Student: 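This is the structure, below, for whatever I ask next.
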Amino acid sequence: MTAVEEKFSLTEVLSSFKACLEKENQDVLVDHYISGWNGLIRFMNSLGTIFSFVSKDAINKIQIMEAFRKSSSRDQYRSLQSMVAYELGANLVDLNRRAEHPNSGCRTILRLHRALRWLQLFLEKLRTSTEDSKTSVLCTDAYNDSLANYHPWIIRKAATVSFYALPARNTFFEVMNVGSIEDVVAMLGEAMPYVSQVYDITQQLYARHNLLDLP
Ligand SMILES: CCCCCCCC/C=C\CCCCCCCC(=O)N[C@@H](COP(=O)(O)O)[C@H](O)/C=C/CCCCCCCCCCCCC
C-alpha cells in the first residue's frame with residue numbers, strides 16, 4: 001500500500017500531536033507537527049477536489065517546513081522553540097511586512113497554528129455533537145471562531161461554500177477509522193488535550209516574542 005492509498009486513521013494523526021511534545025522541556029517537535037498535518041491533509045484530499053484550494057495551501061506550508069528540516073540549518077528547526085530563537089537571532093523574520101524573508105518558519109508555522117485552533121474547535125464540536133448535528137454547521141462555526149478572523153472576504157466565502165460538501169456526521173465518524181461512535185468520542189476525549197497543549201505552548205511562545213501578527 002502506498003502512502004497515498006493508506007487508510008486515514010484519526011488516532012494516528014492525533015498521536016503525532018501527542019508525540020510533538022518533548023517530555024523534558026515541553027518543546028514542540030517540528031517533525032511530528034509536520035507529520036500530524038500530513039495525515040490531516042491526506043484525509044482532506046479524500047473528501048474531494050472541492051477542498052483542493054485548502055490542501056494546496058496547507059501542502060505548500062508543510063513543504064516550506066520540510067525544506068528547512070532538510071537544509072544545512074536543520075538542527076535549528078528541530079523544535080518550534082529552537083526555530084524562533086534561531087530565526088529571530090539571525091534576523092530571518094519579516095516582522096512588519098513581507099519582504100526579504102517572505103516564507104520564514106515563524107510566519108509559516110503561525111498560519112498552521114491558527115488552523116490548528118480551527119481543528120481543535122471542530123473536533124471538540126464533533127465530539128459533543130448530537131445525531132442531528134450538521135458537520136457543515138459545526139465546521140462553519142469553528143472556522144468563524146478561529147481562522148476566518150485572518151482571511152479576506154473571498155477566502156471566507158470559498159471556505160464556507162466548500163463546507164456544504166462535507167460528509168454527514170455518521171460518515172465522518174466512519175472515515176475516522178476509530179470504531180463505533182462511542183469509541184470516537186472516547187478517543188477524542190483522550191487525545192484532544194494533547195492538541196490543546198501543543199496549541200497553548202505555541203501560542204505562549206509566539207505571544208512572548210510578539211509574533212502573533214506576522215505579515
Ligand atoms: C476526521 C476529522 C478530522 C478533520 C480533518 C480535517 C483535515 C483538515 C486538514 C487541513 C486543514 C486545513 C489547513 C488550512 C491551512 C490554512 C492556512 C491559512 O490560513 N492560509 C491562508 C493564509 O496564508 P498566507 O496567504 O498568509 O500564506 C491562505 O490565504 C489560505 C488559503 C486557503 C483557504 C483556507 C481555508 C481554511 C479552511 C479550513 C477548514 C478546512 C476544512 C476541511 C474539512 C475537513
Side-chain angles (χ1 to χ4, degrees), residues 8-44 54-55 57-69 74-88 93 103-128 138-139 141-143 145-151 176-178 184-214:
F8 172 83
S9 156
L10 187 67
T11 315
E12 271 170 40
V13 167
L14 294 183
S15 58
S16 291
F17 286 105
K18 179 177 177 182
C20 266
L21 294 165
E22 198 166 58
K23 296 228 166 35
E24 276 169 22
N25 46 12
Q26 297 284 280
D27 275 4
V28 179
L29 301 174
V30 169
D31 289 345
H32 292 291
Y33 196 91
I34 291 175
S35 154
W37 277 109
N38 271 328
L40 290 169
I41 290 164
R42 221 171 43 236
F43 171 75
M44 199 166 47
V54 181
S55 63
D57 184 70
I59 288 169
N60 173 262
K61 287 172 171 53
I62 296 295
Q63 286 174 342
I64 292 172
M65 295 312 300
E66 284 174 341
F68 283 130
R69 284 296 286 152
R74 72 183 74 86
D75 294 344
Q76 319 288 351
Y77 288 88
R78 182 178 167 276
S79 69
L80 298 190
Q81 287 79 356
S82 62
M83 173 192 78
V84 166
Y86 168 66
E87 288 196 342
L88 287 181
V93 186
N103 291 321
S104 64
C106 287
R107 73 95 59 193
T108 303
I109 288 291
L110 178 62
R111 269 54 184 179
L112 293 173
H113 169 66
R114 290 169 177 167
L116 192 63
R117 176 70 182 151
W118 161 79
L119 180 75
Q120 194 189 4
L121 296 177
F122 180 49
L123 289 180
E124 183 56 21
K125 283 177 193 298
L126 268 180
R127 186 180 77 85
T128 53
L138 303 178
C139 190
D141 289 349
Y143 176 72
D145 290 344
S146 56
L147 266 179
N149 295 312
Y150 306 98
H151 288 163
M176 287 178 180
N177 279 314
V178 173
V184 176
V185 169
M187 187 279 291
L188 286 175
E190 197 200 314
M192 287 313 290
Y194 295 107
V195 176
S196 302
Q197 222 180 324
V198 169
Y199 179 84
D200 291 345
I201 292 173
T202 311
Q203 180 74 9
Q204 283 159 19
L205 174 72
Y206 271 60
R208 199 160 56 245
H209 293 280
N210 290 319
L211 296 174
L212 285 168
D213 295 312
L214 289 179

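Computed from a prediction, not measured in an experiment: that's the story for all the values here.
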Student: Measuring from atom CD of Gln204 to atom NE2 of His209, what distance do you get when rounded to the nearest 0.5 angstrom?
Tutor: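 Here the interatomic distance stands at 11.5 Å.
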Student: For Glu66, enumerate each residue passing the side chain to side chain contact (heavy atoms under 4.5 Å, CB included) test, keeping only those at least two apart in sequence or located in another chain.
Tutor: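 Only Ile34, Asn38, Ile62, Gln63 meet the side chain to side chain contact (heavy atoms under 4.5 Å, CB included) criterion with Glu66.
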Student: Could you check if a side-chain atom of Val184 sits within less than 4.5 angstrom of a side-chain atom of Leu126, using non-hydrogen atoms only?
Tutor: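 No, their side chains stay 4.5 Å or more apart.
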Student: Classify the ring geometry between Tyr199 and His113 as parallel (under 30°), tilted (30 to 60°) or perpendicular (over 60°).
Tutor: parallel
Student: What distance do Glu22 atom CD and Arg78 atom CZ have between them, rounded to the nearest 0.5 Å?
Tutor: 4.0 Å
Student: State, with a plain yes or no, whether a side-chain heavy atom of Leu14 is found less than 4.5 Å away from one of Leu188.
Tutor: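 Counting from C-beta outward, Leu14 and Leu188 do come under 4.5 Å.
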Student: Please give me the minimum heavy-atom distance between Ile41 and Ser55, naming the atom from each residue.
Tutor: CG2-CB, 4.1 Å
Student: What are the two closest non-hydrogen atoms of Ser146 and Arg117, and how far apart are they?
Tutor: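 Closest pair (atom of Ser146, atom of Arg117, distance): CB-CG, 3.8 Å.
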Student: Would you call the rings of Tyr33 and Phe17 parallel, tilted or perpendicular if under 30° counts as parallel and over 60° as perpendicular?
Tutor: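 It falls in the perpendicular class, over 60°.
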Student: List the steps and the verdict of ring pair (Phe, Tyr, Trp, His ring centres under 6.0 Å) for Tyr77 and Tyr86.
Tutor: CA-CA 8 Å; Tyr77 288 88; Tyr86 168 66; 5.7 Å; yes
Student: Taking it one step at a time, do Leu40 and Leu119 satisfy side-chain contact (heavy atoms from CB on, under 4.5 Å)?
Tutor: CA-CA 10 Å; Leu40 290 169; Leu119 180 75; 3.6 Å; yes
Student: Does any non-hydrogen side-chain atom of Leu21 lie less than 4.5 Å from one of Ile201?
Tutor: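 Yes, their side chains come closer than 4.5 Å.
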Student: Please report the interatomic distance CG(Asn103) to CG(Asn60), rounded to the nearest 0.5 Å.
Tutor: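 So the gap between those two atoms works out to 7.0 Å.
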Student: Can Cys106 and Tyr206 be said to form a side-chain contact (heavy atoms from CB on, under 4.5 Å), step by step?
Tutor: CA-CA 9 Å; Cys106 287; Tyr206 271 60; 4.0 Å; yes
Student: Within this structure, what is the OG-CG distance for the pair Ser196 and Leu116, rounded to the nearest 0.5 Å?
Tutor: 8.5 Å
Student: Hey, does Phe43 have a side-chain heavy atom less than 4.5 Å from the side chain of Val13?
Tutor: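 No. Closest side-chain heavy atoms not under 4.5 Å.
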Student: Quick one, Leu212 and Gln203 - any side-chain contact, counting heavy atoms below 4.5 Å?
Tutor: yes
Student: Arg74 and Arg69: which non-hydrogen atoms are nearest, and at how many Å?
Tutor: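 It is O-NH1, 2.6 Å.
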Student: Can you find a pair of side-chain heavy atoms, one from Glu124 and one from Thr128, that are under 4.5 Å apart?
Tutor: yes
Student: Kindly compute the distance separating CE (Met83) from CG (Asp27), expressed to the nearest 0.5 Å.
Tutor: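 Output value for this atom pair is 11.5 Å.
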Student: Quick one: are Trp37 and Met65 in side-chain contact, heavy atoms under 4.5 Å?
Tutor: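 Of all side-chain heavy-atom pairs linking Met65 with Trp37, none is under 4.5 Å.
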Student: Start with the C-alpha distance between Gln26 and Gln81, add both sets of side-chain angles, then the distance that settles side-chain hydrogen bond (donor to acceptor under 3.5 Å, both in side chains), and finish with yes or no.
Tutor: CA-CA 9 Å; Gln26 297 284 280; Gln81 287 79 356; over 6 Å; no
Student: So, taking the atom named CG in Leu211 and the one named CD in Glu87, what distance separates them when rounded to the nearest 0.5 Å?
Tutor: 9.5 Å
Student: Between the main-chain N or O of Asp31 and the side-chain N or O of Ser35, is there a donor-acceptor pair closer than 3.5 Å?
Tutor: no
Student: Do Asn177 and Leu10 make a side-chain contact, defined as non-hydrogen atoms from C-beta onward lying under 4.5 Å apart?
Tutor: no
